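Okay, so here's the structure we're looking at.
Computed from a predicted model, the values in this text were never measured in an experiment. Numbers restart at 1 for each chain; the letters A, B, ... are given by sequence-line order, proteins then strands.
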Amino acid sequence: MSDLSASGMFVPSQTVGTVLCCICGVAMPPNPANMCVRCLRSRVDITEGLTRHAAVIHCPECRCYLQPPRTWIRGLEPESKELLAFCLRRLRLPLRRVRLVHAEFIWTEPHSKRLRLRLRVQAEALHGAILEQLHIVELTVHDRLCDACSRSQANPDQWSAAVQLRQHVSHRRTFFYLEQLILRHSAAARALRIAETDHGLDFFFGSRSHALKFVDFITGVTPVRSRSDKQLVSHDPKSNLYNYKHTFSVEISPVCREDLICLPPKLANALGNLGPLVLCTKVTNSIALLDPFTLRSAFLDANQYWRVPFKALLTSRQLVEYIVLDVEVESAEVSVGGFRYMLAHAQVARVADFGKNDTMFTIKTHLGHLLNPGDYALGYDLYAANSNDCEIEQHKGLILPEALLVRKSYHEKRAKNRGKARSWKLKSLNMDVDTTSKGRADEEKRNTEYEEFLRDLEENPEMRFNISLYRNKEYQPSEMASTADGEDVPSIPLEELLADLDLSEEEENEEADNMKE
Amino acid sequence: MLDRCHVSEGYAILAPRRLDLFGVRILPVQVSKGFFFLQPAVMATRIQFENSCEVGVFSKLTNAYCLVAIGGSENFYSMFEAELADVIPVVKTSIAGTRIIGRLCAGNKNGLLLPHTTTDQELQHLRNSLPDQVVVQRIDERLSALGNCIACNDHVALTHPDLDRETEELIADVLGVEVFRQTIAGNILVGSYGAISNRGGLVHPHTSIEDLDELSTLLQVPLVAGTVNRGSEVIAAGMTVNDWTAFCGSDTTATELSVIESVFKLREARPSSIVDEMRKSLIDSYV
């Protein structure tokens, strides 16, 4: 009819008349069934055959719902869209026959273990009339622990993958730094437990993939080599299910920053005749080596290192303090790999010797830009060192310098600040410390090492790059700060510190401060 | 007068004397037309043809004759016979070898039109069985289901808009009616969606009020939009009617039956209604 009027023809107005309902005789406008709505409703029930009750299985521990046969769906909030979709899927409505127009939850008490839905369905009744009817469905929630929760409940410490991180050096600097890195990137978020052992850390995970992810992270930040093994715990031969415990053994290279290294001759040749004595300047996932006499640098990949692994000749624990007597700059300042160096001749004497005897050394150093006469510097005492290294013997005709300066020392200035709190602090991982053996001496050594690590952080901005530092509440700037003579002790500027949002119960009263910040 | 009701020989014309009828004393009274006739119970009847409620497909009822299809059992025929045998001839036939005779032929008391597919034997059989004043004519029409295309009573016919001119003239001649090309509720098959008699008509339920008025003006009878056979819209297939009786499918509900009886004015012939009407005027006090 409408296309008739659209074509311009005159269509007279049509008023719809009334007919009598064929069942009850009430006057009504005609419809395809020619029955009034009441008679149609009483005769035809379109919700016949639709499910009215269904069961849903719910895990009370992790609050997930079971989708048979085996999937557990997480994150279904009560009265949410996703839960509604899940319930509708469980009902299995015959969507060929009826059409679902509207669905919503009817509120039930959370502890009643019932979910009620109000559905509106449309279906074709006899003679083509479309009826819409309300349909109420009740779902019973049954509680059952899901597989993961039941496994963890049976044995809460159950781990199925472990990562053993080891570095065979006598200090723990690397692990302090790694701890901060891990905290920053939340790499150990999935770890069930962290244990501290000598020479390393153990991380325990619930699944192999978590452990793999962690190993990948470590591989990206330190030069490591790793191997993995597995141990059969149980197996079900009928369904071919095997339960393993996986272990990843990750060894970090023993070369650390500021180590003095004598390169094996093959490696020295491979790197372009880099002077066999090199300093390690930076360790990330590759090792940066610097020849202090020629200011040439090289990078060693983890694979390259582990092909010909070498150990350090002297480590930073063997650094000795020198006092600089005279500096003669030899060449201009150059920038090597982001660091600035300047070759210079320097006359130095050990602080232990200074004033007692006349032992002085004239050495070449790469720290010409930093040193002035009267400065203190830390370096390796090769004159007095007794090195057992086989590499040195392999280099024929190698002349060792008497001393090699590594960095400037702020020791005197630090004496003033000793015991005072810093304006920043670090967080730490919660690990199980092995308290049984070794006792007090170890703990003191550990504390000094930690103190040195913090000092390192203060002095090297590039180390702070990947670490989150937090503002220390208890710190008050000292009144004596104005009496700075000459150089200031390097400290961390305030902009780099993160305000620590602490929602723990111990610091409730400081929450208000946090919020203001 | 006599057109309105037929008197059969089996019943006597009763003199206006007192008569005990159904336990009520009837006093002599002038009935409107001057006669007092007792009629057999004539009203709409519910029947079935071989379990199908579409009675109008298998029969054709007019004021002068009745055609009935040949069914396996004789029940259908015997129902018609029981009602009509004394009044009009009831003829068992087939048209074009089929049983859907109600939809293939169209007729009234003056004539009967048959499609071109009717066989010669059937034509002869019908000519022999029907009374002489009924003209039986076979016509050549492309639309051969004449029952679906033509709805007629003794004075007016409504036809399918696409019917041939010659057919229209033939209809006017043979049936002696005035022909109008019309649609009912937008449907061109007027013979299916409307059943008309000389006293009223029932059409498709979706017919608008303006259409009803227009058709009523053309046909000069009161029209009602309604359904038959529990909501079926195909009226003429579900029922067949003449001036004093109607036959409907067995699915027809009481409401539909009452509508049919009121629009085709079948109820006024019932004896109890006469008695009731008279009772109001006669009895002034209960004894």
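Applying the 6.0 Å contact sphere to CZ of B/Arg165 captures no more than 12 heavy atoms from other residues, nucleotides or ligands. More than 12 heavy atoms of other residues, nucleotides or ligands sit less than 6.0 Å from atom CZ of A/Arg43. Around atom CZ of A/Arg63, no more than 12 heavy atoms belonging to other residues, nucleotides or ligands sit under 6.0 Å away. Other residues, nucleotides and ligands contribute only 12 or fewer heavy atoms inside 6.0 Å of the CZ atom of A/Arg74. Surrounding CZ of B/Arg46 are more than 12 heavy atoms belonging to other residues, nucleotides or ligands, all under 6.0 Å away. A 6.0 Å sphere centred on CZ of A/Arg38 holds no more than 12 heavy atoms belonging to other residues, nucleotides or ligands.
In terms of heavy-atom pairs under 4.5 Å with chain A, the best-connected choice from B/Glu210, B/Glu256, B/Glu233 is B/Glu210. For the set A/Gly17, A/Cys21, A/Gly25, A/Pro30, the count of heavy-atom pairs under 4.5 angstrom toward chain B peaks at A/Pro30.
Note that CD of A/Gln14 is 10.0 Å distant from OG1 of B/Thr207, once rounded to the nearest 0.5 Å.
Tested against B/Thr253, the residues A/Cys39, A/Cys24, A/Cys22 include a single side chain to side chain contact (heavy atoms under 4.5 Å, CB included) partner, A/Cys22.
Contact of A/Pro29 with chain B is not made at all, since no heavy-atom distance falls under 4.5 Å.
A/Thr15 places no side-chain N or O within donor-acceptor distance of the main-chain N or O of B/Ile209, the cut-off being under 3.5 Å.
Listed by chain and residue number, nothing satisfies the side-chain hydrogen bond (donor to acceptor under 3.5 Å, both in side chains) test with B/Thr183 (two or more places apart in sequence, or in another chain).
For a heavy-atom cut-off of 4.5 Å, chain A lies close to B/Ala225, B/Gly226, B/Thr227, B/Arg230, B/Gly231 in residues 221-232 of chain B.
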